[in-house]
Amino acid sequence: MKLIHIHGVWPLYTNTFLLITAAGHAVVVDPAAEAETYLAQLKENNATLTDIFLTHGHEDHIGSIPYLLQKFDLPIYGTRLTCGL
């Protein structure tokens, strides 16, 4: 499994992660960075995004969710209701 640490957008720089399996399945944790950042990493690693994991529902951890849900049909695990999604 590959772990990619990504920093979210200024001014909070929230930590966010992509976990990519050897089979090419990817999970994003706390998608706070620009959506294009995740898409670039997925392409570079020949991976498909399959899930979103949330550690909690603060706004600085969910910024890319609307865009990712438009691009992919993904389940969200964690605090989806807390995020108003």
Side-chain angles (χ1 to χ4, degrees):
M1 182 171 297
K2 184 174 190 176
L3 171 69
I4 301 170
H5 180 205
I6 300 168
H7 294 282
V9 295
W10 181 90
L12 300 173
Y13 302 109
T14 304
N15 292 311
T16 177
F17 302 89
L18 263 179
L19 302 169
I20 302 174
T21 69
H25 301 150
V27 172
V28 63
V29 179
D30 292 336
E34 296 289 338
E36 293 79 17
T37 303
Y38 302 108
L39 299 178
Q41 286 293 331
L42 292 167
K43 184 176 181 178
E44 182 179 320
N45 289 280
N46 195 29
T48 302
L49 190 59
T50 60
D51 302 276
I52 296 173
F53 290 173
L54 303 176
T55 60
H56 62 286
H58 290 160
E59 283 192 33
D60 62 323
H61 287 254
I62 63 169
S64 291
I65 289 177
Y67 182 83
L68 293 173
L69 290 178
Q70 287 178 355
K71 292 283 276 183
F72 306 96
D73 182 24
L74 302 171
I76 299 175
Y77 299 97
T79 57
R80 184 176 183 155
L81 295 176
T82 305
C83 297
L85 299 170

Chemist: Report the residues that fulfil side-chain contact (heavy atoms from CB on, under 4.5 Å) with Thr48, sequence neighbours left out, ordered by chain and then residue number.
Modeler: none
Chemist: Return the set of residues passing side-chain contact (heavy atoms from CB on, under 4.5 Å) with Ala22 (not counting sequence neighbours), or none when no residue passes.
Modeler: none
Chemist: Listed by chain and number, what are the ring-ring contact (aromatic ring centres under 6.0 Å, His included) partners of Phe72, not counting sequence neighbours?
Modeler: none
Chemist: What residues, two or more places apart in sequence or in another chain, satisfy side chain to side chain donor-acceptor pair (under 3.5 Å) together with Asn45?
Modeler: Lys2, Gln41
Chemist: Taking atom CG of Leu42 and atom CG of Leu49, what is their separation to the nearest 0.5 Å?
Modeler: 5.5 Å
Chemist: Per the side chain to side chain contact (heavy atoms under 4.5 Å, CB included) rule, which among Thr16, Thr14, Val28 passes with Ile6?
Modeler: Thr16
Chemist: For residues 62-69, run the donor-acceptor check on the side chains, cut-off 3.5 Å, and write out each pair with its distance to 0.1 Å, sequence neighbours left out.
Modeler:
| unit_1 | atom_1 | unit_2 | atom_2 | d |
| --- | --- | --- | --- | --- |
| Ser64 | OG | Ala33 | O | 2.2 |
| Ser64 | OG | Ala35 | N | 3.3 |

Chemist: Run the side-chain contact (heavy atoms from CB on, under 4.5 Å) test against Asn15 and tell me which residues pass, sequence neighbours left out.
Modeler: His5, His7, Phe17
Chemist: To the nearest 0.5 Å, what is the distance between CD1 on Ile4 and CD on Glu44?
Modeler: 7.0 Å
Chemist: Kindly indicate whether the side chain of Pro75, heavy atoms from C-beta on, has any atom under 4.5 Å from the side chain of Thr50.
Modeler: no
Chemist: My understanding is that only residues two or more places apart in sequence, or in another chain, count here; which of them pass side chain to side chain donor-acceptor pair (under 3.5 Å) with Thr37?
Modeler: none
Chemist: Treating Asp51 as the side-chain partner and Tyr77 as the backbone partner, does any N or O pair qualify as donor plus acceptor under 3.5 Å?
Modeler: no
